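Computed from a prediction, not measured in an experiment: that's the story for all the values here.
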Amino acid sequence: MLAPSLIDGVPNVLYESMACGAFPIVSPLDTIRPVVKNEKNVLFARNLYPQELAEALTRAMTDDDLVDLVHKKTGVGKKNC
């Protein structure tokens, strides 16, 4: 789930996508950083930096160890939807 933003609270889609097993890529906003941790349950990529977005997308699609670790720690991906 890719949800870059410049201004936002904690988007409901973040929680919904995690519950459904998606690996979130979000902007490191002040409202989001206290709720999730980079490389623990999301990847951060700043909205106005296309290279960061591309790197995060590539990593989420290719780093199986990271995705498996997140799923194991959080229970994300257990067919909750």
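- Residues L14 and P24 approach most closely at CD1-CB, 3.6 Å, considering heavy atoms.
- Distance alone, capped at 3.5 Å, places no donor-acceptor pair between the S27 side chain and the L6 backbone.
- A salt bridge (charged side-chain N to carboxylate O under 4.0 Å, His left out) check over residues 41-51, counting only residues at least two apart or in different chains, returns the pairs R46-E52.
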TODO: Determine, step by step, whether K40 and V36 satisfy the side-chain contact (heavy atoms from CB on, under 4.5 Å) criterion, reporting the C-alpha distance in whole Å, the side-chain angles of both residues, the deciding distance to 0.1 Å, and the verdict.
DONE: CA-CA 8 Å; K40 300 281 185 194; V36 295; over 6 Å; no

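- Two different hydrophobic clusters hold Y49 and L29 under the rule that ILVMFWY side chains link at heavy-atom gaps under 4.5 Å.
- Judged by distance alone, with hydrogens and angles left aside, the side-chain atoms of N38 form a donor-acceptor pair with the main-chain N or O of F44 at under 3.5 Å.
- Between S5 and N47 the shortest heavy-atom distance is O-CB, 3.7 Å.
- Qualifying side chain to side chain donor-acceptor pair (under 3.5 Å) partners for D63, counting only residues two or more places apart in sequence or in other chains: R59.
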Open item on the list: Show, in sequence, the C-alpha distance, side-chain angles and deciding distance for D8 and V26, and conclude whether the side-chain contact (heavy atoms from CB on, under 4.5 Å) test is met.
Closed with: CA-CA 11 Å; D8 204 346; V26 296; over 6 Å; no

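- Considering OG1 of T58 and CG of L53, their distance stands at 10.5 Å, rounded to 0.5 Å.
- One finds the CD1 atom of I25 at 4.0 Å from the CG atom of L57 (value rounded to the nearest 0.5 Å).
- Evaluation of the salt bridge (Lys or Arg N to Asp or Glu O under 4.0 Å) rule for D30 yields R33 as partners, not counting sequence neighbours.
- Closest non-hydrogen pair, P11 versus I32, comes out as CD-CD1, 3.9 Å.
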Task: CA sep, side-chain torsions, deciding dist, call: L66, L43, side-chain contact (heavy atoms from CB on, under 4.5 Å) - done: CA-CA 10 Å; L66 174 65; L43 285 177; 3.9 Å; yes

